[in-house]
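Report on the structure given below.
The structure presented is a predicted model; accordingly, all values stated were derived computationally and were not measured. The figures here come from the full heavy-atom set of this structure, side chains too, leaving out hydrogens, waters and symmetry mates. A, B, ... follow the sequence lines: proteins, then strands. Residue 1 opens every chain.
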Amino acid sequence: MIRRARYNEQAKITNKGENAMKNKRIGGRLLCLLLVLIMVLPAGCGTTGEQTPMGPTVTDASGAVLALKENRQELTIASVYAVSVPFIKALGLTDRVKAINCKSNFWKEADEHLKAAGSVGRGKVDLEALASFAPDVLVHRSNDTDTLEAVGQLGVTLLCISAEDMAGIYSTLELMGTYFGVEERAAEVIAWMDAKFARIDALVADIPEEDRKTALVMGGELGRIAGGDMLQSWMIEKAGGVCVAKGIENNSNWVTVGVEKVFSMNPEVIMCTSSTALEYELSDMLEGPAWSAVEAVKNKAVYQIPSLKDSWDMPGISPVLGTMWMVHTMYPEKLSKAELEKEIEEYYLFLFGKTFTPETLGYELSF
Amino acid sequence: MGRGNQKNRLLLLLTVNGVLLILLATVVVVAVCVGKYAVTPAECLKVIWGAVSHTPSGCAPMTENVVLMLRLPRILASVLVGACLSVSGVAYQGVFQNPLIAPDFLGVSSGACIGAAVAILLSLGRGSTQLMAFLGGIVAVAITVLIPIAIRNNTNIMLVLSGVVVGAAASSVLGFIKFTADPESQLAAITYWTMGDFSYIQMDDILSVLPMMGVAGVVLTLNSWWLDVLSMGENQARSLGANVTLLRNITIVCATLLTAGSVCLAGTISWVGLVIPHLSRMIVGPNNTRLIPVSALMGGLFMLVVDTLTRTIGAIEMPVSILTGLIGAPFYIYLLIRNKRAGA
């Protein structure tokens with residue numbers, strides 16, 4: 001069939017062949033036109049400017065200046081950014097949540113408002129779902145410019161947060177507290193955290209430099225570690241340890257340095273994160289022949305940071321507990337198991353108004 | 001007899017295009033009215049009429065935003081991208097006389113992905129991501145075209161091989177970018193880009209590539225007869241007085257611009273440019289004059305149906321390439337079996 005069609009066309013081609021030269025000239029001009037169009041393409045890109053709001057304002061983590069609304073104590077919330085959940089919970093805002101994406105089911109099981117909330121996507125915002133929930137504010141991370149532009153044009157206010165380190169955690173509490181009209185609660189949470197960190201400082205203050213343990217936090221894969229500028233590394237230092245990843249930085253992200261580099265760092269304690277799924281077992285290190293010369297393995301000091309349901313090394317208020325656990329793990333004489341259990345109970349009473357069993361949270365204290 | 005055949009063919013062409021147009025219009029109407037945000041057809045009409053006549057629609061501002069700023073740009077973009085990828089597929093398959101060639105075989109998609117991934121890594125924003133994707137696609141195709149020239153073997157087969165090499169190299173570069181990306185945020189954005197996504201499309205995005213796509217599409221349509229000449233093979237085309245090099249270059253430039261424009265709008269969407277030309281060929285035959293408009297309509301229709309499904313069928317919106325792959329791959333296998341039977 002194809003051959004027959006070509007045969008029929010060939011008859012026409014003979015007659016039209018003489019037009020080839022003419023078409024050649026037209027073709028050349030069209031080629032020039034197309035190149036001009038390529039040059040003008042960037043003119044269509046870009047965003048429009050925004051007006052500075054009047055009255056009291058806050059500046060969010062993206063640098064946007066947001067007006068404080070009169071009904072700020074009633075503003076409803078949506079978010080696909082799981083990091084926002086601990087802050088929303090800590091500030092007592094869960095009853096205003098219309099849609100949320102939680103890191104684990106623990107949050108929904110622990111809070112009936114979060115359980116009843118809908119979803120506007122996971123990581124990426126489903127704009128139509130967002131429109132259908134019609135929240136007043138979408139809480140999102142500040143470095144997702146695509147989403148910020150798309151949501152902005154929909155008419156939903158964006159509040160950007162950045163809580164990748166301890167300074168960011170404090171500023172996020174202040175920002176959300178002010179924007180949602182719960183400044184007092186934000187101040188209460190900050191004061192509580194300050195008091196706990198002050199206690200930790202006091203606990204580890206008298207540990208001599210030479211007795212401080214070297215440690216690192218392992219990520220989801222063996223050889224992928226918390227960079228020196230990550231929250232987990234800050235927690236090690238706060239807990240009186242020496243972070244061997246200091247100087248290895250990747251914009252507050254995990255860094256794949258490889259197993260050999262970990263061997264050369266030779267930490268005395270290895271703590272595996274609970275903020276992401278592990279693609280390995282702790283026994284891979286503890287029983288792996290290749291790891292046998294590493295100090296942490298020799299000392300049997302390889303642990304996973306609690307807890308499996310409510311990660312204590314994830315941005316939020318839980319790094320207080322994570323740091324307490326690190327103190328207990330590295331220096332059990334400074335913070336006993338009973339004292340840590342009391343701290344855990346206090347933490348959940350303060351944030352959730354109730355306590356949870358180790359089984360519910362998914363942790364077991366080693367000693 | 002010949003005139004009767006021509007009339008029949010013209011009637012078939014008009015009927016096919018007419019049916020496709022009616023189908024496309026119907027799906028557009030359905031697509032405007034369905035979605036996770038409940039909008040009645042009457043509200044849709046009011047909003048669109050209000051926008052056209054510059055009068056208040058009387059609907060809620062969010063309803064107006066959803067219809068005018070989310071759905072209409074998305075529908076327009078999906079039809080445009082589907083049409084462009086399909087026409088681009090027809091053009092490439094014609095020039096290289098190879099029905100297995102997809103629009104991204106010269107490395108345009110791979111290059112565009114690198115450009116977009118770099119922009120995402122640097123958090124440059126959507127406009128810059130699209131621009132970088134476009135430039136990445138063009139640079140990749142330029143390298144693909146320059147390799148045969150550099151080794152003085154400017155044949156079709158060398159160009160195809162060059163495309164394979166550039167595509168493979170680009171995949172490695174993309175892999176490295178993914179490796180360095182933040183897994184919680186940037187990696188997800190890059191993955192979405194490489195799997196095609198219309199969710200954040202804005203009217204400005206479409207308007208920025210529409211003139212280029214329009215001109216490229218018109219040039220290919222006007223040159224469709226010459227595309228038939230090229231389909232016969234280089235020697236035969238030359239014997240008929242065609243400037244093969246110029247025609248081939250024009251076709252490659254236009255088809256590349258259509259693909260690059262599509263990729264910079266919606267990311268990499270697989271199978272459309274490969275399967276739709278085949279499907280169209282089954283209906284109207286291999287003549288490119290007839291094939292291009294039918295492919296454009298069918299591609300636009302297919303893409304719109306797929307995109308409407310991705311944003312409505314699940315609680316979470318999935319990238320379009322998942323569905324195009326699920327539909328395209330089995331269909332292609334069917335085509336291969338059908339061709340084998342026809343050959344036997």
Point to revise | Audit row: A:Lys124, B:Asp197, salt bridge (charged side-chain N to carboxylate O under 4.0 Å, His left out) steps and yes/no | key: CA-CA 11 Å; A:Lys124 192 175 172 82; B:Asp197 179 32; 2.8 Å; yes
Review point. Is chain A contacted by the side chain of B:Leu124, its backbone, both, or neither, given a heavy-atom distance below 4.5 Å?
Key: backbone
Revision key, fill the gap. Salt bridge (Lys or Arg N to Asp or Glu O under 4.0 Å) with A:Glu128: of B:Arg71, B:Arg74, B:Lys36, only one passes, and it is B:Arg71
**Study point:** Close side-chain approach of B:Asn223 and B:Thr251, heavy atoms under 4.5 Å
**Key:** no
Check your understanding: Would you say A:Asn71 has more than 12 foreign heavy atoms packed within less than 6.0 Å of its CG?
Key -> yes
Exercise for review: Measure distances from A:Val255 to the heavy atoms of chain B and classify the residue's part below 4.5 Å as side chain, backbone, both or neither.
Suggested key: neither
Exercise for review: Against chain A, label B:Met62 side chain, backbone, both or neither, depending on which of its atoms sit under 4.5 Å from a heavy atom there.
Suggested key: side chain
Check your understanding: Strictly by modelled atom types, are A:Ser311 and A:Asp313 linked by a side-chain donor-acceptor pair under 3.5 Å?
Key -> no
Exercise for review: Select one option (side chain, backbone, both, neither) describing which atoms of B:Thr63 are under 4.5 Å from chain A's heavy atoms.
Suggested key: neither
Review point. Which of the residues A:Asn143, A:Val83, A:Leu127, A:Leu130 is involved in the greatest number of heavy-atom pairs with chain B at under 4.5 angstrom?
Key: A:Leu127
